[in-house]
Amino acid sequence: MTDEPLADDEHHHADVSGGWLRPAVFGAMDGLVTNIALIAGVGGGGVAPRDIVLTGVAGLVAGAISMGLGEYTSVQTQNEQIAAEIAKERRELERHPEAEARELAAAWVRRGLPATLATQVAEAIRHNPEEALRLHVREELGVEPGEQPSPWTAAFSSFLCFSVGALIPLLSYLLGFQQLWLALAVGGVGLFAAGAIVARFTSRRWWSNGLRQLMMGAAAAGGTYLVGRLIGIGGGLG
């Protein structure tokens, strides 16, 4: 007897409700681009390798803390706003259950459900307060009650990934190499690799996504390098 074949892997969806992917990707990319650009800027200004490392480490620590706190605050604020709207909807259901049932039925009719069936289902759902609340919130707010992302998960993901990303362009200096071009090259490899890894969660080609991140990082590094050169030259002339 053979086992039942499993469903096609393409029909299995990734978990998109955990709230970690966006801050992790944002943190890693921001850490890479920020410190690559920072190193390019101070390096272009002609500072010593030791000062470049100090600047890069300071940027890593400050940026990671800022990213973590920012993610926690933004996600927590969003969750509190959603909770307030859910509480408002709960009060409306308690005060005006018939009107809310008609509103839900009308929303389903607009989606293509026959009016009679929509009314019957909405009326049946009205007698299950928690399910009625869930459906109303999903229709009106576009969210599922109880499935909001964790602010702690977002903060930790952002903090950790920013730190890792910001560390990559510093690796060559920390290993004893003092060439600016080498640090920027290592950072470029990190950008390409990060973009390629992120493509795994999307439908984009890995090399296309990698090149996109590399070009954005190169633009940032080029701009700050030129600024560093201009300031360095101006300072030297003074």
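All values reported here derive from a predicted model rather than from experimental measurement.
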Applying salt bridge (Lys or Arg N to Asp or Glu O under 4.0 Å) as the test, list every pair that has at least one member in [range]; sequence neighbours left out.
{"range": "residues 105-120", "value": "Arg111-Glu139"}
{"range": "residues 94-104", "value": "Glu98-Arg126"}
{"range": "residues 188-212", "value": "none"}
{"range": "residues 62-84", "value": "Arg22-Glu71"}

Can you sort out the partners of Thr34 under side chain to side chain donor-acceptor pair (under 3.5 Å), two or more places apart, ordered by chain and number? Asp30
Partner residues of Glu144 under the side chain to side chain donor-acceptor pair (under 3.5 Å) criterion, sequence neighbours left out: Arg134, Arg138
Show the nearest heavy-atom pair for residues Pro23 and Ala154, with the distance to one decimal. CB-O, 3.5 Å
What ring-ring contact (aromatic ring centres under 6.0 Å, His included) pairs are there with at least one residue in [range], not counting sequence neighbours?
{"range": "residues 111-144", "value": "none"}
{"range": "residues 36-80", "value": "Tyr72-Trp152"}
{"range": "residues 78-98", "value": "none"}

Taking transitive links into account, so neighbours of neighbours count too, which hydrophobic residues share a cluster with Ile125 at under 4.5 Å side-chain distance? Leu104, Trp108, Leu113, Leu117, Val121, Leu135
Show me the donor-acceptor pairs within less than 3.5 Å that the side chains of residues 38-61 make with the rest of the protein, sequence neighbours left out.
| residue | atom | partner | partner atom | Å |
| --- | --- | --- | --- | --- |
| Thr55 | OG1 | Asp51 | O | 2.8 |

Would you tabulate the side-chain donor-acceptor contacts of residues 174-186 under 3.5 Å, counting partners in other chains and residues two or more places apart, or write 'none'?
none

